[in-house]
Number of protein chains: 2
Amino acid sequence: MTQAHRSGCPINLSLEVFGDKWSLLILRDMIFGGRRHFREILNGSQEGIASNILANRLKRLVDLGMLTKRDDPTHKQKAIYSLTEPSIELVPIMAALGTWGSRWLPVTEELSIRARVLGEGGPELWDRFMAELRQEHLGIPADPAPDGKTVRQSLQDAYLAVVAGSCTV
Amino acid sequence: MTQAHRSGCPINLSLEVFGDKWSLLILRDMIFGGRRHFREILNGSQEGIASNILANRLKRLVDLGMLTKRDDPTHKQKAIYSLTEPSIELVPIMAALGTWGSRWLPVTEELSIRARVLGEGGPELWDRFMAELRQEHLGIPADPAPDGKTVRQSLQDAYLAVVAGSCTV
DNA sequence: GCCGACTGCTTGCATTTTGCCACCAGTCGG
DNA sequence: CCGACTGGTGGCAAAATGCAAGCAGTCGGC
């Protein structure tokens, strides 16, 4: 079942997991957007993924152990997708990508503020964020946030502050 | 000329630059392998990139400002590809990818030792490495290495030590 | 001055992947 | 029992990829 890897290099193998245009965006939306359902991901993404691609990628990510899928008890047709430990540990990579992209690419202010906050927070903030994700997706208890605000909420607040600011000129 | 980005999100824009199976591997070989010529990259890669794909990606990376191309004075047909500041600053991303891949994917020992050394070296080592790359590719003078050994040489030594060790059982 | 190896590509063609759009069967709330 | 919503499928055209061969110019050695 091991489908012939091109090489045993960690960077190459990482690319074989999420080196396409969509997989990492799905994981991004799940990590930062808290999305867990098919339609949430489908309609929530800024980039407009097609439903067949989304279905394909979700299946693939489950097969690769990056996600798990289970039934939603509240709705017989609903599926809940959860992050696994490997995908939770993508947070530092997301942070690095966000920092690099914000520096060198034509990002929009609203969408890059999260990346900046996360980058400036450094490893301690990433750890807190990953602990929150473990609680949310794996059921592992985490210490409550010191300031009573989750990291995701802090990122969201920063985002909303920018959006509000850009309208109230 | 701005070819309609899918969104202004830094992670999405980063993926638009190197979210394919080859671009990042080319940059990896240039950064860690010191490769500067077409054939060097073509034949040196573990993964076996095709020449038409390589030509396409090099052109694309030059257009995107991730590489520059100039003539080699020693051979009228040779081209020298150089990293630019944005691509040099991929080092932390490479390190994060390498660390993550080494932890979660079936890497081979020889090819992941570099990633481990780089990951354990942390930001100070990355900075030294980036300074070396700036000297090599941009002509910006760098302080000599404190132990007289370049970071790339250190990584290479670690690699060779593993290769030797796995043979002398 | 001539041959063989090397330079950075290009071309052609089969296969795979993507993107777009419509559609579906089951389910839930009102 | 209707209309909105659930996680997807299927069809089809367009684009990207993979593979192999080839190409014009250049260089080193003899």
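The figures here come from the full heavy-atom set of this structure, side chains too, leaving out hydrogens, waters and symmetry mates. Below, chain A is the first sequence line, B the second, and so on; all start at residue 1.
- Checking the phosphate oxygens (OP1, OP2) of D/dG8, a side-chain nitrogen or oxygen of A/K69 falls inside 4.0 Å.
- Phosphate proximity of D/dG18 to B/W22: present, with a side-chain N or O under 4.0 Å from OP1 or OP2.
- For A/I53, taking side-chain heavy atoms from C-beta onward, the closest of the listed nucleotides C/dC28, C/dT11, C/dT18 is C/dT18.
- For B/F38, counting side-chain heavy atoms from C-beta on, the closest listed nucleotide (D/dG11, C/dT10, C/dG8) is C/dG8.
- In this structure, CG of B/L25 is placed 11 Å from P of D/dG18, rounded to the nearest angstrom.
- Protein atom CD1 of A/I41 is 9 Å distant from nucleotide atom P of D/dG7, rounded to whole Å.
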Exercise for review: Apply the test side-chain contact (heavy atoms from CB on, under 4.5 Å) to residues B/L105 and B/W100: give CA-CA distance (whole Å), side-chain angles for both, the deciding distance (0.1 Å), then the verdict.
Suggested key: CA-CA 8 Å; B/L105 302 175; B/W100 186 88; 3.7 Å; yes
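- Cation-pi geometry between B/R114 and B/Y159 is met: the NZ or CZ atom falls under 6.0 Å from the ring centre, inside 45° of the normal.
- Pairing for D/dA24 is with C/dT7, a Watson-Crick or G-U wobble pair whose two hydrogen-bonding atom distances lie under 3.5 Å.
- A 6.0 Å sphere centred on CZ of B/R116 holds more than 12 heavy atoms belonging to other residues, nucleotides or ligands.
- The nucleotide whose nearest atom lies closest to any side-chain atom of A/R39 is, among D/dT6, C/dC9, C/dA22, D/dT6.
- At whole-Å resolution of the value, CD1 in A/I49 and P in C/dT17 are 16 Å apart.
- DNA chain C is contacted by both B/S51 and B/N43; B/N43 maps to the nucleotide lying nearer its 5′ end (nearest heavy atom per residue).
- Rounded to a whole Å, the CG atom of A/L42 is 13 Å from the P atom of D/dC5.
- At least one side-chain heavy atom of B/L97 sits less than 4.5 Å from a side-chain heavy atom of B/L24.
- Counting only heavy atoms from C-beta on, A/A79 has its side chain closest to D/dG7 among C/dT11, D/dT9, D/dG7.
- The interatomic distance linking B/E47 (CD) with D/dC19 (P) rounds to 13 Å, in whole Å.
- The listed nucleotides are C/dT11, D/dT17, D/dG8; the one nearest the side chain of A/Y81 is D/dG8.
- Heavy-atom neighbours of B/R103 CZ from other residues, nucleotides or ligands within 6.0 Å: at or below the threshold of 12.
- Nearest-nucleotide assignment on DNA chain D puts the 5′-proximal partner with A/L58, out of B/A50 and A/L58.
- Checking side-chain atoms of A/E110 against main-chain N and O of A/V162 turns up no donor-acceptor pair under 3.5 Å.
- For C/dG8, the base has no donor-acceptor partner in the side chain of B/Q77 [N/O atoms by modelled type, under 3.5 angstrom].
- Distance, A/H75 NE2 to D/dG8 C1': 13 Å, rounded to whole Å.
- Nucleotide C/dT18 holds its P atom 7 Å from the CG atom of A/N56, rounded to whole Å.
- Between B/R57 and the phosphate of C/dG8, there is no side-chain N or O to OP1/OP2 separation shorter than 4.0 Å.
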Report each atom pair, protein N/O against N/O of nucleotides 2-5 of chain C, whose distance is under 3.5 angstrom.
none

Point to revise | Trace of the salt bridge (Lys or Arg N to Asp or Glu O under 4.0 Å) decision for B/R28 with B/E47 | key: CA-CA 12 Å; B/R28 176 202 63 181; B/E47 292 85 10; 2.8 Å; yes
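- Taking atom NZ of B/K78 as the reference point, atom P of C/dC9 lies 13 Å away to the nearest angstrom.
- Of the possible donor and acceptor atoms, one in the side chain of B/S87 sits under 3.5 Å from a partner among the backbone N and O of B/M66.
- Phosphate contact (OP1/OP2 of D/dA24, side-chain N/O of B/K76, threshold under 4.0 Å): absent.
- In this structure, A/K21 and A/R36 both approach DNA chain D, and ranking their closest nucleotides by distance from the 5' end singles out A/R36.
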